[in-house]
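For reference, the structure discussed in these notes is given below.
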Amino acid sequence: MSFASSASAADIGACLITKTDTNPFFVKMKEGAVAKAKELGVNLKTYAGKIDGDSESQVAAIETCIADGAKGILLTASDTAGIVPAVKKARDAGILVIALDTPLEPADSADATFATDNLLAGKLIGQWAAETLGDKVKDAKVAFLDLTPSQPTVDVLRDQGFMIGFGIDPKDPNKIGDEDDPRIVGHDVTNGNEEGGRKAMENLLQKDPGINVVHTINEPAAAGAYEALKAVGMEKNVLIVSVDGGCPGVKNVEAGVIGATSQQYPLLMAALGIEAIKKFADTGEKPKPTEGKTFFDTGVSLVTAKPVKGLESIDVKTGLAKCWG
C-alpha cells in the first residue's frame with residue numbers, strides 16, 4: 001500500500017483512497033486533493049491500492065483513517081460492494097465518506113458521490129462510434145475491454161452506456177455479459193492498464209479477427225489495445241473509443257490511436273471533495289447531489305478530432321486545455 005502525506009498541522013484530517021497511484025487519472029485526482037487541502041489547511045493523507053482491484057489495501061486504509069480520527073474520506077473503490085462494511089464502520093465513527101468517480105453498491109452506502117455521469121460518458125462514445133460507422137453499424141463486430149471481474153459500478157455504467165448509445169440492448173443494466181446482440185464478440189478485463197489492454201485485445205482477436213470497434217474502460221487500456229492491433233496490422237481498420245480525457249489520452253485522439261473519448265474532471269472531483277470535508281468539519285453539513293440526480297455531477301465532454309452531426313463534442317485543442325482540470 002502506497003502512502004503519502006501533505007505537510008499540514010491542521011486539526012481537520014482527511015483521507016484520499018484511490019485505486020492506484022500510477023494511473024494518470026488518480027495522479028491528477030491526488031494533485032487536486034493535495035492542492036485544495038493545502039489551500040484550506042486540511043491535513044490530508046493519501047493511500048492507494050497496489051493495482052486496480054486491490055480492495056484489501058483500501059480496506060486497510062479506511063481502518064487507518066478511522067484510527068487517525070479523520071473527519072472525512074474520499075474513496076474510489078476497487079470493489080464497490082465488498083468495501084461497504086468498511087465504509088459503514090467509518091460512517092458509524094462519524095466520518096464523512098464521499099465516493100469519487102465510482103459509486104458504491106448501493107450508492108447510498110456513502111454519504112455522497114462526486115462523479116462523472118458514467119452512463120452518459122458511455123452513451124456519448126457509443127453514439128459517436130455508431131454515427132461514424134453509418135450503415136456499417138449493423139454489421140459491426142464489437143470488443144469490450146472492461147476493468148475487473150468484480151464489475152465495479154464505473155465499469156458497468158460505461159459498458160451499458162456504450163451499448164445504449166451504439167444501439168445494443170444491454171439487457172440487465174446492472175450486469176456486464178448477459179447481452180445477446182450478435183455484434184458483440186466478447187468481453188475481457190484489463191485491470192485498467194496498458195498491459196492488460198494489450199492482452200485483452202489479443203485474446204479477443206483470437207476469438208474473432210474481424211473486430212472493428214473496441215470499447216475500452218479507460219485510456220491506458222485503449223493504448224494497449226492499439227498496440228495489439230498494430231502488431232497484426234489492424235490499427236487503421238478499428239475504431240477505439242474510451243473514457244477518461246486525460247492529457248495522454250487526448251494526445252492519442254490527436255494521433256488517431258483513439259477515435260473519441262469522454263473527458264472527466266478528476267481534479268475537480270477531489271478538490272470539491274476536500275471542500276465538502278472542510279465544510280462538514282466546520283458545520284456538520286453534508287453535500288447534496290445535483291438536482292435530479294443521485295450524485296453530484298462533475299461533468300463530461302466528448303473529445304474527438306472527427307465530429308459527427310447531431311452530437312456535441314469538443315476538439316483536441318480544447319480537450320488538451322481542459323484535460324483533467
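- For the residue pair S57 / D54, a side-chain donor-acceptor distance below 3.5 Å is found, with atom types taken as modelled.
- Here the SG-CG distance, from C247 to N252, works out to 12.0 Å after rounding to the nearest 0.5 Å.
- Salt bridge annotation for K28-E31: present, with a cationic side-chain nitrogen under 4.0 angstrom from a carboxylate oxygen.
- Contacts classified as side-chain hydrogen bond (donor to acceptor under 3.5 Å, both in side chains) and involving residues 286-298 (residues at least two apart or in different chains) are given here: D111-K286, D117-K293, K293-D297.
- The cluster map of Ile, Leu, Val, Met, Phe, Trp and Tyr, joined by side-chain heavy atoms under 4.5 Å apart, puts L100 and L44 in the same cluster.
- Within the 3.5 Å criterion, the main-chain N or O of G177 finds a donor-acceptor partner in the side chain of E179.
- Proximity of a side-chain donor or acceptor of D315 to a complementary backbone N or O of T318 within less than 3.5 Å is detected.
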- request: Let me see the working for K45 and T64 under side chain to side chain donor-acceptor pair (under 3.5 Å), right down to the final yes or no.
  value: CA-CA 10 Å; K45 296 181 178 180; T64 300; over 6 Å; no
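- Residue L157 is not grouped with residue Y265 when hydrophobic side chains (ILVMFWY) are merged at heavy-atom distances under 4.5 angstrom, including chains of intermediate members.
- Test D244, L302, V241 against S262 for side chain to side chain contact (heavy atoms under 4.5 Å, CB included) and you get one pass: L302.
- Using a distance-only test at 3.5 Å, with no hydrogens or angles considered, no donor-acceptor pair links the side chain of N191 to the main chain of G196.
- Between Q58 and the choices L75, V87, D79, the side chain to side chain contact (heavy atoms under 4.5 Å, CB included) rule is met once, by L75.
- Checking side-chain atoms of D52 against main-chain N and O of G192 turns up no donor-acceptor pair under 3.5 Å.
- Checking side-chain atoms of E131 against main-chain N and O of L311 turns up no donor-acceptor pair under 3.5 Å.
- T304 places no side-chain N or O within 3.5 Å of a backbone atom of A260 that could act as its donor or acceptor partner.
- Sorted by first and then second residue, the pairs that involve residues 222-243 and meet side-chain hydrogen bond (donor to acceptor under 3.5 Å, both in side chains), not counting sequence neighbours, are T216-S242.
- Put simply, the side chain of K306 never gets that close to the backbone of G259: no donor and acceptor are under 3.5 Å apart.
- The stretch residues 12-43 participates, sequence neighbours left out, in these ring pair (Phe, Tyr, Trp, His ring centres under 6.0 Å) pairs: F25-W324.
- Taking E275 as the reference, K36 meet the side-chain hydrogen bond (donor to acceptor under 3.5 Å, both in side chains) condition, with sequence neighbours excluded.
- Of the listed residues (Q264, M269, K19), just one forms a side chain to side chain contact (heavy atoms under 4.5 Å, CB included) with M29, and that residue is M269.
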task: Tell me, with the steps shown, if T46 and D21 meet side chain to side chain contact (heavy atoms under 4.5 Å, CB included).
output: CA-CA 9 Å; T46 66; D21 59 4; over 6 Å; no
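- Using a cutoff of 4.0 Å between basic side-chain nitrogens and carboxylate oxygens, D181 and R183 are scored as salt-bridged.
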Would you mind writing out the side-chain donor-acceptor pairs for residues 165-175 within the sub-3.5 Å range, not counting sequence neighbours?
| unit_1 | atom_1 | unit_2 | atom_2 | d |
| --- | --- | --- | --- | --- |
| D169 | OD1 | K171 | N | 2.9 |
| D172 | OD1 | N174 | N | 2.9 |

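- Checked by atom type and distance alone, the side chain of T190 pairs as donor or acceptor with a backbone atom of D146 at under 3.5 Å.
- For the residue pair S301/Q263, the side-chain donor-acceptor check at 3.5 Å is not satisfied.
- Closest approach of G245 and T261 over heavy atoms only: N-OG1, 3.7 Å.
- In terms of modelled atom types and a separation under 3.5 Å, the side chain of T153 and the main chain of L104 share no donor-acceptor contact.
- Salt bridge E195/R198: present, at least one basic N to carboxylate O contact under 4.0 Å.
- The existence of a salt bridge linking R158 and D101 is confirmed by a sub-4.0 Å separation between a basic side-chain nitrogen and an acidic carboxylate oxygen.
- Membership of the apolar cluster around I176 extends to V156, as traced through chained side-chain contacts below 4.5 Å between ILVMFWY residues.
- For E202, the CD atom is densely surrounded, since the number of other residues' heavy atoms within 6.0 Å is greater than 12.
- To the nearest 0.5 angstrom, L147 atom CG is 9.5 Å from N193 atom CG.
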